[in-house]
Amino acid sequence: MLRLTLLLVLLLALVQLSTALKFSIDAASSPTQKCISNHVGLDQLVVVTAVSSGHKGDGQRLDIEIRDSAGNHYASPRDVVGDARIAFTSHANGPLEVCFTNTLTNPSTSPPPSRSIDLDLDIGANALDWSAIQRSEHLSHLELELRRLESQTSEVVEVMEYLRMREQRLRDTNESTNERVKFFAIGMMGLLTALGWWQVVYLRRYFKGKHLID
């Protein structure tokens with residue numbers, strides 16, 4: 001029971017985790033994307049908040065692209081300055097990428113400028129505006145915390161179901177691989193046995209043809 005409780009606490013901690021990063025990205029004439037990745041579940045609410053420094057006309061253009069590993073594209077705002085907030089519902093289980101590209105629009109700028117970015121990536125229950133929910137539904141503080149706990153518990157169940165399905169797929173793959181290896185080994189043993197028998201017959205005929213054996 002203690003182990004189960006610890007597992008639930010750990011999963012709750014994972015569910016509650018929000019990605020908050022601060023980094024800088026240099027402008028370049030042929031820039032490369034800088035991507036931040038996090039796992040999301042199917043049909044989860046995701047809120048991406050990016051706060052960038054600089055201003056329009058400062059010799060650089062910051063573009064954002066949000067996509068997942070299944071090929072879904074959620075948003076591609078261009079020339080982002082200041083606050084950018086993007087909310088959407090995920091379409092697949094798997095990694096979600098928030099990618100930044102900083103293009104140098106004025107090559108004469110020296111040294112090349114850069115943008116400082118504060119990124120917040122909220123997923124699931126963390127993406128909800130709980131203050132607005134409390135006001136609209138007239139919830140007490142205790143009722144609000146129970147509602148939040150209910151949402152987080154539902155996400156824990158979804159994560160555990162996803163892990164169970166993933167484990168099942170890996171088990172099926174391992175069993176299929178083991179079956180193939182077994183049949184391959186049996187086939188190789190049969191082939192080597194047949195090859196050895198053929199060599200014995202061939203050498204026996206060869207030596208008899210040379211009258212070396214009776």
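Quick note: residue numbers are just sequence positions, from 1. What you are looking at is a predicted structure, and each value in this text was computed from that prediction instead of being measured.
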Asks: Once rounded to the nearest 0.5 Å, what's the spacing between atom CD1 of Ile117 and atom OG of Ser24?
Replies: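 Going from CD1 on Ile117 over to OG on Ser24, the span is 8.5 Å.
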Asks: According to the side-chain hydrogen bond (donor to acceptor under 3.5 Å, both in side chains) rule, which pairs have a member within residues 49-61, sequence neighbours left out?
Replies: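 Residue pairs with at least one partner in residues 49-61: Asp58-Gln60, Asp58-Arg115, Gln60-Asn102, Arg61-Asp63.
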Asks: Could you tell me whether a side-chain N or O of Ser114 sits under 3.5 Å from a main-chain N or O of Ile25, the two making a donor and an acceptor?
Replies: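 Such a contact is absent between Ser114 side chain and Ile25 backbone.
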Asks: Taking side chain to side chain donor-acceptor pair (under 3.5 Å) as the test, write out the residues that go with Asn93, two or more places apart.
Replies: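 By the side chain to side chain donor-acceptor pair (under 3.5 Å) rule, Asn93 matches no residue at all.
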Asks: Keeping the roles fixed (side chain from Thr89, backbone from Leu45), state whether a donor-acceptor pair exists under 3.5 Å.
Replies: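 No; zero donor-acceptor contacts below 3.5 Å.
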Asks: Just do the side-chain contact (heavy atoms from CB on, under 4.5 Å) check on Asn38 and Leu96 with the steps written out, would you?
Replies: CA-CA 5 Å; Asn38 203 342; Leu96 177 77; 5.6 Å; no
Asks: Please tell me if the side chains of Asp68 and Ser90 come closer than 4.5 Å, counting only heavy atoms from C-beta onward.
Replies: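 Asp68 does not reach Ser90 side chain to side chain.
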Asks: Under the rule for ring pair (Phe, Tyr, Trp, His ring centres under 6.0 Å), what residues qualify as partners of Trp197, not counting sequence neighbours?
Replies: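 For Trp197, no residue satisfies ring pair (Phe, Tyr, Trp, His ring centres under 6.0 Å) once neighbours in sequence are set aside.
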Asks: Start with the C-alpha distance between Phe23 and Leu119, add both sets of side-chain angles, then the distance that settles side-chain contact (heavy atoms from CB on, under 4.5 Å), and finish with yes or no.
Replies: CA-CA 8 Å; Phe23 57 93; Leu119 175 66; 4.2 Å; yes
Asks: Just how far is it from atom CG of Leu62 to atom CG of Asp79, taken to the nearest 0.5 Å?
Replies: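 If we round to the nearest 0.5 Å, Leu62:CG and Asp79:CG are 8.5 Å apart.
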Asks: Which residues satisfy the side chain to side chain donor-acceptor pair (under 3.5 Å) test with Gln33, sequence neighbours excluded?
Replies: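 Gln33: side chain to side chain donor-acceptor pair (under 3.5 Å) contacts with Glu65, Arg67.
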Asks: How long is the gap from CG on Leu203 to CZ on Arg205, to the nearest 0.5 Å?
Replies: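 The CG atom of Leu203 sits 11.5 Å away from the CZ atom of Arg205.
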Asks: What pairs of residues pass the ring-ring contact (aromatic ring centres under 6.0 Å, His included) test when at least one of them lies in residues 60-79, not counting sequence neighbours?
Replies: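 Pairs touching residues 60-79 that pass the test: Tyr74-Phe88, Tyr74-His91.
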Asks: What pairs with Pro107 under side-chain contact (heavy atoms from CB on, under 4.5 Å), at least two apart in sequence or on another chain?
Replies: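 Residues passing side-chain contact (heavy atoms from CB on, under 4.5 Å) with Pro107: none at all.
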Asks: Can you list everything that forms a side chain to side chain donor-acceptor pair (under 3.5 Å) with Arg171? Sequence neighbours excluded, please.
Replies: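 Scan of Arg171 (side chain to side chain donor-acceptor pair (under 3.5 Å), adjacent residues dropped) gives Glu167, Gln168.
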Asks: Find the distance between CD1 (Ile66) and CG (Asn72) and round it off to the nearest 0.5 Å.
Replies: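 It comes to 12.5 Å.
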Asks: For Thr177, enumerate each residue passing the side-chain contact (heavy atoms from CB on, under 4.5 Å) test, keeping only those at least two apart in sequence or located in another chain.
Replies: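 With neighbours one apart ignored, the set is Thr173, Val181.
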Asks: Quick check for you: to the nearest 0.5 Å, what is the distance between Ile64 atom CD1 and Ser76 atom OG?
Replies: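 Reported to 0.5 Å precision, the distance equals 10.0 Å.
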Asks: Could you list who else is in Leu170's hydrophobic cluster, with ILVMFWY side chains joined at under 4.5 Å, directly or through other members?
Replies: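 Members besides Leu170: none; it forms no cluster.
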Asks: What's the spacing between Ser140 OG and Leu146 CG if we round to 0.5 Å?
Replies: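 Ser140 OG to Leu146 CG: 8.0 Å, rounded to 0.5 Å.
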Asks: Is there a path of hydrophobic side-chain contacts, each under 4.5 Å between heavy atoms of I/L/V/M/F/W/Y residues, joining Ile86 to Ile123?
Replies: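 Yes; Ile86 is reachable from Ile123 via cluster members.
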Asks: Please, which pairs that meet salt bridge (charged side-chain N to carboxylate O under 4.0 Å, His left out) have at least one residue in residues 184-197, sequence neighbours excluded?
Replies: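 Listed by first then second residue: nothing to list.
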Asks: By side-chain contact (heavy atoms from CB on, under 4.5 Å), which residues pair with Ala28, not counting sequence neighbours?
Replies: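 Testing Ala28 for side-chain contact (heavy atoms from CB on, under 4.5 Å), a comparison that skips the adjacent residues, returns Pro31.
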Asks: Considering only residues two or more places apart or on different chains, which pairs with a residue in residues 179-189 satisfy salt bridge (charged side-chain N to carboxylate O under 4.0 Å, His left out)?
Replies: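 Checked against salt bridge (charged side-chain N to carboxylate O under 4.0 Å, His left out) - neighbours excluded - the pairs reaching residues 179-189 are Glu179-Lys182.
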Asks: Are Val40 and Leu21 co-members of a hydrophobic cluster defined by side-chain heavy atoms under 4.5 Å apart?
Replies: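 Yes, Leu21 and Val40 fall within the same hydrophobic cluster.
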